[in-house]
S.K.: 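Attaching a single structure in structure tokens format; questions to follow.
Quick note on labels: first sequence line is chain A, next is B, and so on, each numbered from 1.
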Amino acid sequence: MTIPPFDPRSADTRWQQRWEADGSFFADSRSAKPKTMILEMFPYPSGRIHMGHVRNYAMGDVLARARRMQGLEVLHPMGWDAFGMPAENAAMERGIHPGGWTRDNIASMRSQLKRLGLAIDWTREFATCDPEYYGHEQAIFLDFLEAGLVDRRDAWVNWDPVDNTVLANEQVIDGRGWRSGAVVERRKLTQWFLKITRFADALAADLKTLDQWPDKVRLMQENWIGKSLGLTFRFDVEGSDDHFEVFTTRPDTLFGASFAAIAIDHPLAQKVAAANTQAQAFIDAVRATGTAAADLETAEKKGFDTGLSVRHPLDPGRSLPVFIANFVLMEYGTGAVFGCPAHDQRDLDFARKYMLPVTRVVATDDDAQTPIGDEAYTGPGRMVNSGFLDGMDVDAAKAAVIARAESGGWGRGATVFRLRDWGVSRQRYWGTPIPIIHCDGCGPVPVPRDQLPVVLPEDVSFDRPGNPLDRHPTWKHVNCPSCGKPARRETDTLDTFVDSSWYFIRFASQPADKPFDRAEAEQWLPVAQYIGGVEHAILHLLYARFFTRALAHVGRIGLVEPFRGLFTQGMVTHETYKDQSGQWLEPGAVEKRPEGWVETASGKAVVAGRAEKMSKSKKNVVDPDAILDHYGADAVRWFMLSDSPPERDLAWSLSGIEGAHRFVNRLWRIAVAATGAANGAAEAAANPGLDRLVHRTIAGITHDIDRLQFNKAVARAYELANAIEKAGLGAAGAGAVRTLLRLVAPMVPHIAEEAWALLGGEGLIIDAPWPVADPAMLVDEEVTYVVQVNGKVRDRLVMAKGLGQDHVSAAALATDRIAALVGGQTPKKVIVVPDRLVNIVV
RNA sequence: GCGGGCGUGGCGGAAUGGUAGACGCAGUGGACUCAAAAUCCACCGUUGGCAACAACAUGUCGGUUCGAGUCCGACCGCCCGUACCA
């Protein structure tokens with residue numbers, strides 16, 4: 001009987017259909033098994049999946065499948081982050097409806113994903129643009145509104161005057177709208193805010209509980225929240241009733257103050273400008289400079305002397321000039337600062353420019369008399385030139401100034417956060433409508449809950465810029481739920497980050513009549529392992545943490561941290577190629593010849609660049625569908641998991657996928673060999689060593705998968721495969737082969753099922769229990785000692801495990817090689833590391 | 001500027017302070033074949049040597065240690081994040 005080779009074209013769909021027919025991946029909330037939720041960040045339905053998706057979902061799938069084999073009830077869901085600008089852009093460019101475009105994309109991406117054979121419970125699939133989803137989101141918004149977690153206020157936004165819409169900061173490039181190219185204006189609009197700052201302290205403090213998150217992400221969030229401790233105090237303007245507050249983290253340096261500075265948007269600056277055209281001109285000039293990062297970096301410190309002065313709070317005889325300064329931000333702290341040039345570089349630059357005094361107030365033991373040069377001193381030391389603070393260290397002085405301010409009633413200790421409240425209003429059509437009705441008499445009135453969802457109208461046009469909801473003939477015209485008079489719907493929609501801030505809870509529980517059932521959701525949450533790109537380290541992950549806390553605050557759920565484990569995977573990259581004129585070339589258009597890389601068609605030399613993230617503009621994209629057609633799902637999955645550690649970038653290569661494909665075929669040959677006749681001689685000779693390796697591999701791969709070190713699991717699988725082939729046991733090796741198959745089944749599930757069936761395994765391999773290593777088999781009876789002389793390896797010695805130190809050192813010294821090297825001297829020292837190594841020092 | 005990460009063969013990468021280079025890719029030689037593909041076997045850090053073996057070798061320089069890729073200090077390079085944050 002000849003067994004045909006493995007053919008993924010038939011096997012992949014056959015097993016996928018079988019799993020689906022069996023409901024293998026259905027996550028049963030009523031199961032008595034321990035439950036776990038494995039989640040990868042859900043995709044935006046852009047149209048096609050890319051290799052980054054494949055890598056992301058392959059990793060999550062390994063974990064989900066392994067946990068399932070380990071006896072857990074696994075929830076591994078999939079859905080669509082379906083609202084957003086690209087759909088509206090497509091609508092404008094092609095005259096199609098955003099909803100139709102989105103649903104078509106979802107359909108094609110779903111079928112692409114299914115080809116990968118992912119262990120997903122598709123019964124829980126949803127898209128955030130489903131009214132059933134966003135209706136519940138509107139209900140949550142109303143919950144938050146009732147609980148005082150929603151605010152409506154004026155805010156500065158980036159306004160594109162051509163597209164008539166607000167732009168996110170990321171959509172402003174060099175001060176221009178990324179689509180229209182129009183110069184972006186700063187506009188003040190009334191916006192809805194979610195009060196994330198209410199939780200700023202908890203969001204920062206609880207980062208330390210997230211011990212299964214990468215340190216890097218925790219640090220990024222900590223910096224983003226930006227908690228600073230210090231003093232807020234009042235400056236009184238001399239000769240008037242005006243006063244303003246400043247915040248400082250260095251109250252200790254207050255005696256070194258030589259000026260005060262306020263932001264151009266500060267109310268006092270506005271007041272000054274109203275009466276002073278030069279001040280107004282300065283403000284206009286600063287505003288025109290733009291706020292792009294590049295501008296700020298090179299921008300000189302500039303100020304306008306208002307002619308006003310403020311009293312020094314600790315030294316009433318002194319007064320300080322007040323400047324309007326370009327480096328003071330209204331958005332941070334109080335929009336006003338005091339300048340202490342000696343101990344702050346920015347203040348020093350400013351003071352030198354405007355000839356302000358520079359007084360050292362912090363000194364180390366030997367530099368109290370040294371004047372400050374071009375560099376501010378920000379280190380520790382003792383206070384000088386500081387009145388009652390003299391002699392104190394920095395920390396004591398901070399506390400003393402705060403105490404003095406509080407008792408004097410002119411200031412108080414304060415905590416300031418960099419984190420701002422979350423503006424969620426978007427002047428867009430393709431998003432969740434904000435469930436509010438504006439009434440001239442009653443103000444903003446919540447839509448009654450029995451009228452949810454507020455559904456987006458289908459009949460909209462994108463022939464003109466701006467928000468189609470705003471100009472829809474009928475949609476926004478409704479009566480006020482409170483007084484019944486004619487009123488208008490809110491036409492802004494929610495930021496799409498709101499949609500992704502609670503989708504994982506909806507995955508865990510999706511009743512029709514409410515966003516989620518608390519008890520059911522809590523069975524699955526928090527997510528045991530969340531996997532996605534590091535680009536979401538701040539916004540999405542912070543918003544989701546906030547949302548979960550806010551839901552707990554309103555009593556809807558009993559947890560505050562949604563993701564227990566977080567893993568940020570690297571990108572999939574590919575080499576890039578450019579021709580002599582600098583045009584990007586597709587990998588398929590070039591080849592490597594002895595003389596170097598050339599363009600195949602023309603034979604002209606090509607410059608091979610480094611591997612970069614796959615992108616259309618660099619023409620280095622590899623389409624998963626074509627690869628799946630050619631190699632099948634298992635080879636692609638295996639390649640995505642091998643070679644590179646998962647947190648680092650993975651360079652796609654043809655030879656890499658070829659190698660993965662070879663391994664899949666080799667697994668099949670190994671299985672086929674195990675159906676043959678037993679090779680008795682080989683069995684007797686090779687079995688003990690192989691058995692030990694099998695158990696070591698079980699322990700190793702289990703451990704590697706737990707830690708998401710798939711590249712190491714892959715290496716161990718190769719080792720075991722090599723050893724099985726080398727042993728040449730035939731059917732006598734079937735046990736080892738079956739174990740290998742179970743170990744690789746989470747990674748290459750289709751070939752694993754096929755080979756499992758071939759070897760007569762019971763049921764499906766995904767229903768087979770995960771192998772368990774026998775601890776006795778992990779311990780060797782014999783160990784190889786490394787014998788070093790003066791730290792250099794000179795010999796190896798196989799001895800029984802657990803011998804005494806004297807015995808080991810005597811044995812080492814007795815070998816001819818070592819005896820010759822030691823040459824009869826008495827060793828100065830012999831170090832014995834039990835069961836590992838002997839080092840003889842002469 | 002600040003914060004973080006990373007530097008190991010031709011390449012991706014392994015390595016609880018204890019045999020550096022597991023495993024894969026690429027390459028070289030051979031077997032099978034009319035031939036090729038596939039597959040199998042062997043070799044595969046550098047230098048010297050027929051060999052046994054020796055020396056060198058984990059970005060650079062120093063330190064701790066019987067012993068350092070790993071720990072400590074200084075520096076160089078690359079990558080990522082972030083920024084007038086008071």
Side-chain angles (χ1 to χ4, degrees), chain A residues 5 214-220 222-224 226-228 230-232 246-251 253 260-261 263 291 293 295-302 325-329 331-340 344-347 349-350 416-419 534-535 537-538 570-571 592 610-611 638-639 642-645 647-651 653-660 662-663 665-666 669 709 711-722 725-726 784-796 817 827-842:
Chain A
D215 291 343
K216 175 185 174 166
V217 174
R218 291 193 289 180
L219 191 69
M220 284 166 74
E222 195 180 321
N223 291 339
W224 185 265
K227 182 177 179 173
S228 299
L231 170 74
T232 349
V246 302
F247 173 72
T248 177
T249 55
R250 293 297 303 273
T253 64
T291 53
D295 295 332
L296 292 177
E297 196 163 347
T298 53
E300 214 183 325
K301 311 283 172 273
K302 280 189 213 153
N326 66 342
F327 62 83
V328 182
L329 305 176
E331 294 82 41
Y332 184 76
T334 60
V337 298
F338 82 81
C340 174
D344 181 289
Q345 190 60 44
R346 191 195 48 204
D347 293 346
D349 295 346
F350 190 82
V416 163
F417 292 94
R418 204 188 83 107
L419 185 68
V534 73
E535 66 272 18
I538 295 174
M571 298 181 298
K592 189 165 192 174
R610 41 169 241 190
W638 187 255
F639 179 42
S642 40
D643 292 348
S644 284
E647 69 277 8
R648 286 201 217 166
D649 290 351
L650 172 74
S653 70
L654 191 62
S655 53
I657 181 68
E658 290 276 357
R662 273 202 296 275
F663 179 71
N665 290 333
R666 194 162 149 231
R669 284 197 305 276
Q709 298 180 326
N711 57 321
K712 293 190 208 169
V714 163
R716 287 187 214 274
Y718 274 115
E719 261 175 317
L720 182 55
N722 290 347
E725 283 198 319
K726 198 151 205 159
T784 303
Y785 273 87
V786 169
V787 185
Q788 297 180 337
V789 177
N790 291 337
K792 285 187 188 290
V793 180
R794 297 299 179 184
D795 206 356
R796 263 143 244 208
R817 262 184 73 76
K828 286 183 190 142
K829 200 169 180 182
V830 178
I831 289 123
V832 177
V833 181
D835 296 333
R836 297 203 74 139
L837 169 143
V838 186
N839 189 14
I840 297 157
V841 185
V842 290

S.K.: Considering every strand and a 4.0 Å limit on heavy-atom distances, what is the contact class for A/S642: base, sugar-phosphate, or nothing?
M.R.: nothing
S.K.: How many Å lie between NZ on A/K726 and P on B/rC41, as a whole number?
M.R.: 7 Å
S.K.: Measure CZ/A/R796 against P/B/rC53 and give the value in whole Å, please.
M.R.: 10 Å
S.K.: If the P atom of B/rU70 is compared with that of B/rA86, how far apart are they to the nearest Å?
M.R.: 36 Å
S.K.: Answer with base, sugar-phosphate or nothing: what part of the nucleic acid does A/R794 contact at a heavy-atom distance below 4.0 Å?
M.R.: sugar-phosphate
S.K.: Regarding A/V833, tell me which of base, sugar-phosphate or nothing describes its non-hydrogen contacts under 4.0 Å with the strands shown.
M.R.: base
S.K.: Would you kindly give the CZ-to-P distance between A/F338 and B/rC84, to the nearest whole Å?
M.R.: 20 Å
S.K.: Does A/E647 or A/K216 map to a spot on RNA chain B nearer the 5' end, using the closest nucleotide for each?
M.R.: A/E647
S.K.: How far, in whole Å, is B/rU64 from B/rG17 if one measures between their C1' atoms?
M.R.: 11 Å
S.K.: Does A/N223 have a side-chain nitrogen or oxygen under 4.0 Å from the phosphate oxygens OP1 or OP2 of B/rG81?
M.R.: no
S.K.: In the structure I gave you, are the side-chain heavy atoms of A/R716 and A/L720 within less than 4.5 Å of one another anywhere?
M.R.: no
S.K.: Which of the following nucleotides, B/rC25, B/rA86, B/rC66, is nearest to the side chain of A/N839?
M.R.: B/rC66
S.K.: Once you round it to whole Å, what is the distance between P of B/rG7 and CZ of A/R648?
M.R.: 5 Å
S.K.: Any base atoms under 4.0 Å from A/D347, or only sugar-phosphate, or nothing? Heavy atoms, all strands.
M.R.: nothing
S.K.: Measure CG/A/L837 against P/B/rA15 and give the value in whole Å, please.
M.R.: 20 Å
S.K.: Taking only the C1' atom of each, what is the distance from B/rG5 to B/rA55 in whole angstrom?
M.R.: 35 Å
S.K.: Distance check, C1' atoms only: B/rG24 and B/rG13, in whole angstrom units.
M.R.: 9 Å
S.K.: Give me the distance, rounded to whole Å, that separates B/rA14 from B/rC80 when you measure between the C1' atoms they each carry.
M.R.: 24 Å
S.K.: Mind checking A/E331 for me? I need base, sugar-phosphate or nothing, with any heavy atom below 4.0 Å counting as a touch.
M.R.: nothing
S.K.: Would one find a side-chain N or O of A/R346 under 4.0 angstrom from OP1 or OP2 of B/rA83?
M.R.: no
S.K.: The side chain of A/F247 is closest to which nucleotide in this list: B/rA86, B/rA22, B/rC84?
M.R.: B/rA86
S.K.: Between A/K302 and B/rC84, is there a side-chain N or O to OP1/OP2 distance below 4.0 Å?
M.R.: no
S.K.: Compare the minimum distances between each of B/rA26, B/rU16, B/rG3 and the side chain of A/R836, then state the nucleotide with the smallest one.
M.R.: B/rU16
S.K.: Is the shortest side-chain heavy-atom distance between A/N326 and A/F350 below 4.5 Å?
M.R.: no
S.K.: When you measure from the side-chain N and O atoms of A/K792 to the phosphate of B/rC53, is any distance below 4.0 Å, counting only OP1 and OP2?
M.R.: no
S.K.: Side chain of A/L219 only, please: which of B/rG4, B/rC66, B/rU19 is the nearest?
M.R.: B/rG4
S.K.: For B/rG24, does OP1 or OP2 lie under 4.0 Å from any side-chain N or O of A/N722?
M.R.: yes
S.K.: Please give, in whole Å, the distance from B/rA22 P to A/R716 CZ?
M.R.: 15 Å
S.K.: To the side chain of A/K712, which of B/rA14, B/rG12, B/rC25 is closest?
M.R.: B/rA14
S.K.: Reckon A/Y332 has a side-chain N or O less than 4.0 Å from the OP1 or OP2 of B/rA86?
M.R.: yes
S.K.: Distance check needed: B/rC40 C1' versus A/N665 CG, whole Å only.
M.R.: 15 Å
S.K.: What nucleic acid atoms does A/V714 come within less than 4.0 Å of, heavy atoms only: base, sugar-phosphate, or nothing?
M.R.: nothing
S.K.: Rounded to whole angstrom, note down the C1' distance from B/rG21 over to B/rA57.
M.R.: 11 Å
S.K.: Suppose you measure atom P in B/rG73 against the same atom in B/rG81; what distance do you get, rounded to whole Å?
M.R.: 27 Å
S.K.: Taking atom P of B/rC79 as reference, at what distance in whole Å does atom CD of A/E535 sit?
M.R.: 19 Å
S.K.: Which is more 5' along RNA chain B, the nucleotide nearest A/E725 or the one nearest A/V786? Just name the residue.
M.R.: A/V786
S.K.: Provide the distance between the two C1' atoms, one in B/rA68 and one in B/rU16, to the nearest whole Å.
M.R.: 15 Å
